[in-house]
Amino acid sequence: MLTNSRSALPSPYFREEHEALRAQLRRFVEDEIKPHGLAWEEQGFVPRDLLRRMGELGFLGIRYPAEYGGSEMDILGSLVLAEELGRSTFGGVAITVLVHTDMASVHMANAGSPAQKAKWMPEIIAGRVITAVAVTEPDAGSDVKGIRTTARRDGDCYVLDGAKMFITNGVYADLYFVAAKSDPGARSAKAVSMFMVQKGTPGLRVSRALDKHGWRSSDTAELAFENCRIPAENLLGEEGRGFYAIMRNFQNERTVIAAMAMSEAQAALDLTLDYVMTRKAFGAPLFDKQAIRERLAMLAAKVEAGRQLVYHAAFLDSQGVDCTREVSMAKAYCGELVNEVMYHCVQFHGGMGFMRESPIERMARDARVQSIGGGATEVMLEEVAKRLAR
Ligand SMILES: Cc1cc2nc3c(=O)[nH]c(=O)nc-3n(C[C@H](O)[C@H](O)[C@H](O)COP(=O)(O)OP(=O)(O)OC[C@H]3O[C@@H](n4cnc5c(N)ncnc54)[C@H](O)[C@@H]3O)c2cc1C
């Protein structure tokens, strides 16, 4: 049985189907991602062929109904995907895929009508249609209720106007799930609806591709909606229920991001352990220095703790239990911890840790966003604090 750490025992949370998926993904990452990751970092995006190939192998429909080509696993299947992509050491590739599978297309899977799902889900699962989710705006990120994009009903259409910021898969997506205020007069939570906008719709424009500190192989864009007219049937779910749909899907997104973070931290520790075992200073391998091996041991303990917290939150979710507190804890803890791990791993690589040629340099850059995107640490801690006070 494969695990995501060097721990002695397999995790009790995962069943045979999860382990089979893990083995298949691990092979795929070694053969089809790692050899090309650096080239994709340079070009700034992941080729569509990779997503199509992942679709063919069933990696993009892990949670989705069999009638559309999915495998109907629970959230632990998504964790396996996040962990194995996180192990690749290419955070940009991991987020490209995970936004499609676990952050964007979930809007269609959870709120789409039978006709919408019949049309789009098979394409999404096959990787022929790539998805993005557009909630954040230049003036509203953490505060989702503060979005200003509007969707005005006009006959049998909605007309979208506004701007979206930091949208992953923003340049290359075929289908965007967009949050907009359909009733600006309503109480802010009830004003928001979700809409489906196809690439090529007049009035939708990629205003610019954004240049980033890390996740460089993931495409990130700013989008503009200018008198963008979409058919009324492109409303996803009920009008005025978009805020609640976003909050619900955030639970999945945050669990998956936390799993990815712990897997990246584990990969960094593994790399660093290999390095300090062989790198000599003062006549012996660095690992012989108590200060170094104890720091690594403490980080390994924290990563194990973070991973178990994510597994526990996912398990609660799979049992249908409200786990907002545990998911928020996991996102806050893992987002911070991955950065702490990267800091020390760069340190123990010495000057080599600062060089572009060393994977740890890239991994440290990629990790920085983990405490910001998908719910900043402070916002997550507020969610936890609210539930402590109750
Ligand atoms: C690479 C990348 C990819 C992204 N992909 C997507 C995507 O695909 N779709 C999408 O919709 N969005 C995406 N985002 C947006 C992301 O989710 C937001 O950046 C995030 O929610 C923070 O919002 P903000 O950047 O507007 O920061 P702000 O909301 O302006 O907050 C700035 C900082 O203030 C602090 N802060 C905020 N609120 C509080 C509070 N209540 N109490 C204390 N401190 C607080 C936090 O430290 C926070 O980092 C992406 C962002 C990045 C960087």
Side-chain angles (χ1 to χ4, degrees), residues 41 44-46 90-108 130-149 160 162-181 192-197 204 206-225 236 242-243 245-254 256-258 260-261 264 328 331-332 335-336 338-339 362 365-386:
E41 286 280 295
F45 62 93
V46 172
F90 290 98
V93 180
I95 200 65
T96 300
V97 176
L98 293 171
V99 163
H100 175 67
T101 55
D102 281 271
M103 301 171 205
S105 63
V106 285
H107 281 277
M108 167 66 79
I130 306 305
T131 57
V133 56
V135 176
T136 306
E137 301 188 351
D139 296 317
S142 305
D143 181 9
V144 173
K145 288 179 190 163
I147 62 167
R148 290 200 201 147
T149 298
L160 270 58
K164 294 289 173 184
M165 191 63 165
F166 308 139
I167 307 308
T168 302
N169 299 344
V171 178
Y172 294 100
D174 307 289
L175 198 57
Y176 301 83
F177 301 115
V178 183
K181 285 196 166 153
V192 180
S193 303
M194 289 301 292
F195 298 91
M196 197 170 63
V197 184
L204 162 59
V206 175
S207 346
R208 60 186 172 126
L210 299 162
D211 195 7
K212 302 189 298 301
H213 175 62
W215 281 2
R216 293 190 65 82
S217 50
S218 145
D219 103 63
T220 312
E222 183 173 357
L223 307 175
F225 295 88
L236 264 185
F243 178 77
I246 293 166
M247 290 302 132
R248 174 180 169 199
N249 291 333
F250 266 162
Q251 295 307 305
N252 186 63
E253 170 169 342
R254 289 169 181 163
V256 165
I257 291 177
M260 176 184 161
E264 290 166 349
S328 308
K331 173 67 177 65
E336 294 293 320
V338 69
N339 280 288
R362 179 184 68 251
R365 277 188 289 108
D366 286 350
R368 189 61 193 89
V369 71
Q370 297 271 25
S371 63
I372 300 171
T377 301
E378 295 83 352
V379 177
M380 294 297 89
L381 293 179
E382 285 297 301
E383 291 299 319
V384 176
K386 265 188 240 168

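Counting starts at 1 for both ligands and their atoms, in listed order.
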Item to check | Qualifying residue, where the test is side-chain contact (heavy atoms from CB on, under 4.5 Å) with Asn169 and the options are Val99, Val46, Asp174, Thr220 | outcome: Val99
Checklist entry - Do the charged groups of Arg216 and Asp211 touch, with an N to O distance under 4.0 Å? => result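 A salt bridge links Arg216 with Asp211.
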Item to check | Ile95 and Met103: CA distance, side-chain angles, deciding distance, side-chain contact (heavy atoms from CB on, under 4.5 Å) verdict | outcome: CA-CA 10 Å; Ile95 200 65; Met103 301 171 205; 4.0 Å; yes
Item to check | Within-4.5 Å side-chain heavy-atom neighbours: Glu383 and Lys331 | outcome: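 Not in contact.
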Checklist entry - Are side-chain heavy atoms of Tyr172 and Thr96 found at a separation under 4.5 Å? => result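 The answer is no; the side chains never approach within 4.5 Å.
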Checklist entry - How would you list, by chain and number, every residue that makes a salt bridge (charged side-chain N to carboxylate O under 4.0 Å, His left out) with Arg362, sequence neighbours excluded? => result none
Please tabulate protein-ligand N/O pairs under 3.5 Å for ligand 1, atom names and distances to 0.1 Å.
{"residue": "ligand 1", "atom": "5 (N)", "partner": "Phe166", "partner atom": "O", "Å": "2.8"}
{"residue": "ligand 1", "atom": "5 (N)", "partner": "Thr168", "partner atom": "OG1", "Å": "2.8"}
{"residue": "ligand 1", "atom": "8 (O)", "partner": "Thr168", "partner atom": "N", "Å": "2.9"}
{"residue": "ligand 1", "atom": "8 (O)", "partner": "Thr168", "partner atom": "OG1", "Å": "3.4"}
{"residue": "ligand 1", "atom": "9 (N)", "partner": "Val133", "partner atom": "O", "Å": "2.8"}
{"residue": "ligand 1", "atom": "11 (O)", "partner": "Val135", "partner atom": "N", "Å": "2.9"}
{"residue": "ligand 1", "atom": "11 (O)", "partner": "Thr136", "partner atom": "N", "Å": "2.9"}
{"residue": "ligand 1", "atom": "11 (O)", "partner": "Thr136", "partner atom": "OG1", "Å": "3.1"}
{"residue": "ligand 1", "atom": "12 (N)", "partner": "Thr136", "partner atom": "OG1", "Å": "2.7"}
{"residue": "ligand 1", "atom": "14 (N)", "partner": "Phe166", "partner atom": "O", "Å": "3.4"}
{"residue": "ligand 1", "atom": "17 (O)", "partner": "Gly374", "partner atom": "N", "Å": "3.2"}
{"residue": "ligand 1", "atom": "23 (O)", "partner": "Ser142", "partner atom": "N", "Å": "3.3"}
{"residue": "ligand 1", "atom": "26 (O)", "partner": "Gly141", "partner atom": "N", "Å": "3.4"}
{"residue": "ligand 1", "atom": "29 (O)", "partner": "Ser142", "partner atom": "N", "Å": "3.0"}
{"residue": "ligand 1", "atom": "29 (O)", "partner": "Ser142", "partner atom": "OG", "Å": "2.7"}
{"residue": "ligand 1", "atom": "47 (O)", "partner": "Glu378", "partner atom": "OE1", "Å": "2.8"}
{"residue": "ligand 1", "atom": "47 (O)", "partner": "Glu378", "partner atom": "OE2", "Å": "3.1"}

